[in-house]
Amino acid sequence: MSGKPIKDMIISTMRNGPETLKELENAKKTGKDISLERGAVRRKVAQYHPPILHLTVSEIEPVSPIAKRIRLVSGDGYLPPFEAGQYINVFCEIDGVRTSRPYSLSSSAKQRAYYEITVAAVEQGFVSGHLLEHLKPGDRLEANGPAGVFRYQPVFHSKKSVFFGGGSGITPFVSMIRTALESGEDRDITLLYGSRTEELAMYHRELSVFADKHPNFHYTLVLSDEEKEGMEHGFIDAGRIRAHVPDLMDCTYYMCGPAVMMDFCRQALEELQIPGRAVRREVFGTRRDIWNEPGWPEGMTGEERFQIKVGEKTIEAKSGESVLTALERGGLRVNVCCRSGECSLCRVQLVSGKVFTAQGALLRYADELFGYIHSCKAYPIGDLELRF
């Protein structure tokens with residue numbers, strides 16, 4: 001067998017092959033040695049999209065009676081850039097279960113000294129309770145990201161932005177507002193923020209200060225569970241939107257909050273005949289009372305128990321808990337990022353059985369054709385067999 005490289009043997013059989021080989025040989029002697037840059041593209045991609053972020057908690061501060069902002073610095077001395085509105089997926093291990101949750105970045109995208117996330121208490125929240133009760137400065141966390149498509153796009157979005165935030169759904173808007181106002185961007189922003197009470201409204205003081213200082217930022221807090229002088233009471237409905245947004249058709253609308261609030265705002269925008277192309281949505285997971293979502297099997301309560309078989313292992317699952325959560329509790333690691341049915345990383349193949357797919361799962365035609373489900377949005381309604 002010839003000692004020549006296979007590449008040279010193939011080239012030599014081509015028309016003008018010998019001449020080409022001579023030119024390549026001369027280029028090696030006189031041209032730039034590109035072998036010195038081997039791996040440069042991979043290193044640059046890893047700089048912007050590292051497989052894992054090593055983070056250290058530097059500060060923790062309450063932003064409401066049930067929420068804290070957590071400031072994170074890099075354990076490696078570098079934080080990749082992000083676009084205002086994106087999130088990171090934070091990993092932690094709780095009682096032997098490794099799991100993760102996506103948290104929107106609330107810090108300005110114009111600085112990268114730290115990331116700031118906001119964690120709000122969730123009833124029976126597996127991760128939020130752990131972070132709020134046990135996390136302290138100096139602790140280390142891992143995350144992936146930044147990721148997400150819920151962000152301002154100046155190329156094709158209107159300069160007039162209308163934000164509808166509800167509860168902890170205010171956090172990506174805090175990042176957008178900080179980024180725009182602190183850097184003097186040419187952008188007019190109207191924020192309608194729905195909260196049960198003034199006390200529970202996160203970042204209310206900072207947002208009020210921004211509204212006082214910046215004429216291009218208009219902020220209204222809408223309280224659903226209490227009436228206070230100088231504040232609006234009720235919900236973000238069509239009438240309220242019309243009152244605060246004079247140029248309805250000349251805006252891009254952004255919504256982020258609980259599923260019920262999102263449905264309410266969507267219906268309001270439809271009533272106002274706002275075209276769908278002008279509306280951007282960020283979904284925070286799936287509603288916790290999934291059994292109240294349209295299409296849920298009649299008669300099922302969310303407490304039914306089923307078996308999930310993966311290879312040689314069988315774990316127990318509850319109908320009211322996502323397949324992803326059941327797998328994590330069972331010690332099975334699934335690649336995951338958004339947990340909202342959009343990124344598709346948590347797809348698994350459904351070999352047998354039936355699931356209820358919650359609203360918001362962006363299943364592709366190929367997923368349906370080959371039996372793949374988004375485990376974060378799929379709920380077992382019978383025994384399952386999965387492959388991944």
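FYI, the numbering just counts along the sequence from 1.
Remark: K110 engages E185 in a salt bridge, criterion side-chain N to carboxylate O under 4.0 Å. A salt bridge does not link E342 to R281: none of the charged side-chain nitrogens sits closer than 4.0 Å to a carboxylate oxygen. With salt bridges taken as basic N to acidic carboxylate O contacts below 4.0 Å, none links E385 and K354. Between E368 and R364 no salt bridge is recorded (no basic side-chain N to carboxylate O distance below 4.0 Å). A salt bridge is absent between E59 and K68; no separation between the charged side-chain nitrogens and carboxylate oxygens falls under 4.0 Å. Ion pair E61/R71 not flagged as a salt bridge, since none of the NZ, NE, NH1 or NH2 atoms sits closer than 4.0 Å to an Asp/Glu carboxylate oxygen. Note on R329 versus E316: no salt bridge recorded, every NZ/NE/NH1/NH2 to OD/OE distance being 4.0 Å or above.
Of the inter-residue distances, the one linking I88 atom CD1 with L79 atom CG reads 8.5 Å to the nearest 0.5 angstrom. Separating the CD atom in Q349 from the CG atom in D367 is a distance of 10.5 Å, to the nearest 0.5 Å. Here the OG1-CE distance, from T118 to M202, works out to 7.0 Å after rounding to the nearest 0.5 Å. To the nearest 0.5 Å, atoms CZ (F235) and CZ (R240) are separated by 9.5 Å. For the atom pair CG (L131) and CG (L141), the distance works out to 7.0 Å, reported to the nearest 0.5 Å. Going from atom OG of S224 over to atom CZ of R196 covers 7.5 Å, rounded to the nearest 0.5 Å.
In this structure, a donor-acceptor pair under 3.5 Å is present between the side chains of H218 and D188. For N89 and S100, the side-chain atoms include at least one donor-acceptor pair closer than 3.5 Å. For the residue pair T314 and Q307, no side-chain donor N or O sits within less than 3.5 Å of a side-chain acceptor on the partner.
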Please walk me through it: do L248 and Y253 pass side chain to side chain contact (heavy atoms under 4.5 Å, CB included)?
CA-CA 10 Å; L248 287 171; Y253 296 82; 3.5 Å; yes

Might you work through the side chain to side chain contact (heavy atoms under 4.5 Å, CB included) test for L105 and E116, ending with a clear yes or no?
CA-CA 6 Å; L105 293 162; E116 185 176 298; over 6 Å; no

Checking T99 against E328 for the side-chain hydrogen bond (donor to acceptor under 3.5 Å, both in side chains) test, could you report, in this order, the C-alpha distance in whole Å, the side-chain angles of both residues, the deciding distance, and whether it holds?
CA-CA 6 Å; T99 185; E328 289 177 333; 2.7 Å; yes

Between R101 and V127, does a side chain to side chain contact (heavy atoms under 4.5 Å, CB included) hold up when you go through it step by step?
CA-CA 7 Å; R101 293 294 184 274; V127 174; 3.5 Å; yes

Take T171 and S168, measure what side-chain hydrogen bond (donor to acceptor under 3.5 Å, both in side chains) needs, and give me the verdict at the end.
CA-CA 6 Å; T171 52; S168 60; over 6 Å; no

Please report the C-alpha distance between E232 and H244 in whole Å, then the side-chain angles of each, then the deciding distance to 0.1 Å, and finally whether the side-chain hydrogen bond (donor to acceptor under 3.5 Å, both in side chains) criterion is met.
CA-CA 12 Å; E232 299 195 17; H244 288 280; 2.6 Å; yes

Evaluation steps, side chain to side chain contact (heavy atoms under 4.5 Å, CB included), between S12 and L21:
CA-CA 7 Å; S12 67; L21 287 173; 3.8 Å; yes

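Here the closest heavy-atom approach between residue C265 and residue M255 is recorded as CB-SD, 3.3 Å. Closest of all the heavy-atom pairs between Q86 and A147 is CB-O, 3.1 Å. Closest heavy-atom contact between A278 and C251: CB-O, 3.8 Å. Here the shortest heavy-atom pairing between G165 and M261 reads C-CE, 3.6 Å. Taking every heavy atom of both residues into account, E303 and S319 meet most closely at N-OG, 3.5 Å.
Around the CZ atom of R277, the shell of radius 6.0 Å holds no more than 12 heavy atoms that belong to other residues, nucleotides or ligands. With a 6.0 Å radius and a threshold of 12 heavy atoms from other residues, nucleotides or ligands, R333 has its CZ atom above the threshold. Residue-environment remark: CG (D95) stays at or below the threshold of 12 foreign heavy atoms within 6.0 Å. Within a 6.0 Å sphere centred on OH of Y365, other residues, nucleotides and ligands contribute 12 heavy atoms or fewer. For E19, the CD atom counts as densely surrounded, since its 6.0 Å shell holds more than 12 non-hydrogen atoms of other residues, nucleotides or ligands. The number of heavy-atom neighbours closer than 6.0 Å to CD1 of I6, taken from other residues, nucleotides and ligands shown, is 12 or below. Around OH of Y78, the count of heavy atoms belonging to other residues, nucleotides or ligands within 6.0 Å exceeds 12.
With a 6.0 Å cutoff to the six-membered ring centre and a 45° limit on the axis angle, R187 counts as a cation-pi contact of Y152.
Proximity of V310 to R387: side-chain heavy atoms (C-beta onward) are nowhere separated by under 4.5 Å. Side chains of R339 and C346 form no contact here, defined as non-hydrogen atoms less than 4.5 Å apart. With contacts defined as side-chain heavy-atom distances shorter than 4.5 Å, the pair Y379/W296 qualifies. At least one side-chain heavy atom of P80 sits under 4.5 Å from a side-chain heavy atom of L53. Contact of the L223 side chain with the K228 side chain is registered, since non-hydrogen atoms from C-beta on lie closer than 4.5 Å. Counting heavy atoms from C-beta on, the side chains of F217 and L207 come closer than 4.5 Å. S108 is not listed as a side-chain neighbour of S175, based on a closest heavy-atom distance of 4.5 Å or more. Between Y114 and L72 there is no side-chain heavy-atom pair separated by less than 4.5 Å.
L135 and F91 are not part of a single hydrophobic cluster, where members link through side-chain heavy atoms under 4.5 Å apart. Y193 and F264 end up in different hydrophobic clusters when Ile, Leu, Val, Met, Phe, Trp and Tyr side chains are linked at under 4.5 Å. The hydrophobic clustering, which links ILVMFWY residues whose side-chain heavy atoms are closer than 4.5 Å, places Y372 and V334 apart. One hydrophobic cluster, built from ILVMFWY side chains closer than 4.5 Å, holds both L132 and L55. The hydrophobic cluster containing I117 also contains I60, counting ILVMFWY residues as joined when their side-chain heavy atoms lie under 4.5 angstrom apart, directly or transitively.
Checked against K159 for a salt bridge (charged side-chain N to carboxylate O under 4.0 Å, His left out), the options D247, D186, D250 give a single hit: D186. A side chain to side chain donor-acceptor pair (under 3.5 Å) with R151 holds for exactly one of E83, H157, E282; it is E83.
Aromatic ring orientation, H204 versus Y219: tilted (interplanar angle from 30° to 60°). Ring planes of Y254 and F173: perpendicular class, angle over 60° (limits at 30 and 60°).
Close placement of the F82 and Y115 rings is indicated, their centers lying within 6.0 Å of each other.
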